[in-house]
Number of protein chains: 2
Amino acid sequence: MLRLSKLTDYAVVVLARLEAEGGVQTAPGLAASSGIAEPTVAKVLKALGHAGLVEGLRGARGGYRLARPLAGIPLSEVIVAIDGPIALTACVDGATGGCETETLCPVRGRWDPVNQAIRAALSAISLADLAGPRSASCAGHAAPRPATNATATNPTRAKPALQPAAE
Amino acid sequence: MLRLSKLTDYAVVVLARLEAEGGVQTAPGLAASSGIAEPTVAKVLKALGHAGLVEGLRGARGGYRLARPLAGIPLSEVIVAIDGPIALTACVDGATGGCETETLCPVRGRWDPVNQAIRAALSAISLADLAGPRSASCAGHAAPRPATNATATNPTRAKPALQPAAE
DNA sequence: TTCAAATCGGACCTGTGTTGTCCGCTTTCG
DNA sequence: CGAAAGCGGACAACACAGGTCCGATTTGAA
C-alpha cells in the first residue's frame with residue numbers, strides 16, 4: 001500500500017506537540033496531551049531520541065526536548081528514524097537474498113531513481129509544513145486498540161490505558 | 001518501511017517481459033521467462049488486466065498483451081493497480097475510520113501534500129525508464145548487469161544508519 | 001461436435017512485519 | 001535517601017500481504 005507505519009504518524013504528532021508546548025515535556029504528559037498510549041509514546045520518543053531529533057533528559061524533572069526546530073526537520077528524517085531507510089523495494093543495497101533464484105530480474109537496480117525521487121519529495125517537506133503554523137490543541141488522535149486480550153496482561157500497575165474523553 | 005509490495009515489483013518485471021517479447025504471451029510462458037511462480041504471475045496479470053494495463057485474451061491460444069506501450073504507463077499506475085491507491089497514511093482526506101474519534105489531530109489533512117508529492121514523483125517515472133531501453137533479458141549468470149545505467153549511487157548502505165547522511 | 005488450452009474469479013492458508021505492552025536498570029532532583 | 005523519569009531490551013498478539021489452489025468460462029482447433 002505504500003503506507004508508512006503508524007509509529008511515524010505518532011512521531012509527527014508527538015513532535016508537533018513538543019513544539020507547541022515548548023521546553024521539556026515528559027512522556028506521560030505528551031501521551032496525555034496527544035491521546036496516545038504512554039508506552040507507545042515512550043517508544044516513539046525513544047526512537048526519536050536515538051535519531052537525534054529530540055533530546056532526552058534523564059532523572060527526576062527530566063523529559064524530552066526538541067533538538068532542532070520543526071522547520072529544520074524534513075519528514076524523511078522522521079521516517080528514517082522510525083521506519084528505517086527509505087527504500088521501496090528489497091532489491092536495494094545488494095539484495096543477494098531475494099532475486100538470486102533466477103537472476104532474471106530486468107529491473108534490477110533500476111529502482112534507485114524511484115527511491116531517490118521519493119526521498120527527495122519527502123525531504124522537501126518539513127515537519128513545520130505538516131504541523132502547520134497554528135498548533136491546535138490536540139487532545140486526542142486515535143483510539144489504538146480496545147486491549148481486550150488479558151492473557152499476558154498483568155495488572156500490577158493497573159494503569160488506565162488512555163481515555164481522552166473519560167479523563 | 002515505506003516499501004511497496006512484492007507484487008508490484010513482479011508486475012514491473014512481467015510488464016517489461018511482455019514488452020520485450022511482444023505480441024501475446026501466456027501466463028505460464030511469462031512465468032518461465034521471468035522466474036516467478038506461475039500462480040503469482042497469473043495473479044499479477046489478472047490485476048494488471050483489471051486495471052487496463054494489459055489485455056487478456058481468453059480461450060485456447062490466448063494470453064496477455066500490453067494495452068499500452070511501457071513508455072506511456074507511469075509507475076504510479078502499476079502501483080495503484082496492484083497495491084491500491086497511493087496514500088502514506090490512513091488519515092487521507094476521508095479518514096472515517098481512524099481519527100474520527102476526536103478529530104483533533106494537528107496533522108489532519110496535512111498529509112495530502114505529502115501524498116501528492118509522492119504521487120507526482122511516481123507518475124513522472126514511466127515503466128520504460130525502469131525496464132530500460134532494451135535490456136530486458138539478463139538471464140545469464142555470467143552477465144549479472146548490463147551496466148548501461150548509472151546506478152551505483154549508493155555503494156554502501158547495508159546497515160540502518162541512524163543519520164540520514166547527506167541527502 | 002468435442003476436446004484442449006488458457007483466462008477469470010474467487011477462496012484459502014501460511015508467513016512476515018508491525019503493533020502495543022511490560023519489565024528491570026540507570027540517572028538525576030528534591 | 002527516595003521518587004521520578006528516561007533507557008534498553010524482549011515479548012506476545014494481531015493484521016496484512018504473499019502465495020497457492022480450485023472451479024467455471026471461453027475460445028481455437030481437431
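What you see below is based on every heavy atom in this structure, not just the backbone, and it leaves out hydrogens, waters and symmetry mates. Below, chains carry the letters A, B, ... as their sequence lines are ordered, and counting in each starts from 1.
Using a 4.0 Å cut-off, no side-chain N or O of A/Thr26 falls inside it from OP1 or OP2 of D/dA4. Put simply, A/Tyr64 has no side-chain N or O that comes within less than 4.0 Å of OP1 or OP2 on D/dA5. Distances shorter than 4.0 Å separate some side-chain N or O of B/Tyr10 from OP1 or OP2 on D/dG19.
Among residues two or more places apart in sequence or in another chain, the side chain to side chain contact (heavy atoms under 4.5 Å, CB included) test is passed with B/Ala37 by B/Pro39, B/Thr40. For A/Glu21, the side-chain hydrogen bond (donor to acceptor under 3.5 Å, both in side chains) partners are A/Arg17, not counting sequence neighbours. Applying the side chain to side chain contact (heavy atoms under 4.5 Å, CB included) criterion to B/Gln116, with sequence neighbours excluded, gives no partner residue. Considering only residues two or more places apart in sequence or on other chains, B/Ser76 meets the side-chain hydrogen bond (donor to acceptor under 3.5 Å, both in side chains) condition with B/Ser123. Applying the side-chain hydrogen bond (donor to acceptor under 3.5 Å, both in side chains) rule to A/Ser126 yields the partners A/Asp129; only residues at least two apart in sequence or on another chain are considered. Every side chain to side chain contact (heavy atoms under 4.5 Å, CB included) that B/Ala47 has, sequence neighbours left out, goes to B/Ile82.
Note on A/Leu57: only backbone sugar-phosphate atoms sit closer than 4.0 angstrom, heavy atoms only; bases stay farther off. Across all strands shown, A/Gly49 has no heavy atoms under 4.0 Å from either base or sugar-phosphate atoms.
Atom CD of A/Gln25 is separated from atom C1' of D/dG6 by 15 Å (rounded to the nearest Å). Summarising the geometry, the separation between CG on B/Asp9 and C1' on D/dA17 is reported as 15 Å, rounded to the nearest angstrom. Taking atom CD1 of residue B/Ile36 and atom P of nucleotide D/dG19, one finds them 9 Å apart after rounding to whole Å. Atoms CG (B/Leu45) and P (D/dG19) sit 15 Å apart, rounded to a whole Å. Whole-Å rounding puts the A/Lys6 NZ to C/dG17 C1' distance at 13 Å. In this structure, the CD1 atom of B/Ile82 is 14 Å from the C1' atom of D/dG19, given to the nearest Å. At whole-Å resolution of the value, CG in B/Leu48 and P in C/dG9 are 14 Å apart.
Here the nucleotide nearest the side chain of A/Ala27, chosen from C/dG20, D/dG6, D/dG19, is D/dG6.
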At a cut-off of 3.5 Å, list every protein nitrogen or oxygen paired with a nitrogen or oxygen from nucleotides 20-22 of chain D, distance to 0.1 Å.
residue, atom, partner, partner atom, Å
D/dT20, OP2, B/Thr40, OG1, 3.0

Hey, what are the protein-to-nucleotides 27-29 of chain D N/O distances that come in under 3.5 Å?
residue, atom, partner, partner atom, Å
D/dT27, O2, B/Ala60, N, 3.1

Throw together a table of side-chain donor-acceptor distances under 3.5 angstrom for residues 57-70 of chain A, partners on residues two or more places apart or in other chains.
none

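Comparing A/Leu7 and B/Gly62 against DNA chain C, the residue whose closest nucleotide sits nearer the 5' end is B/Gly62.
Using a 4.5 Å heavy-atom threshold, the side chains of A/Asn115 and A/Asp112 count as touching.
B/Asp83 places a side-chain N or O within donor-acceptor distance of the main-chain N or O of B/Ser5, the cut-off being under 3.5 Å.
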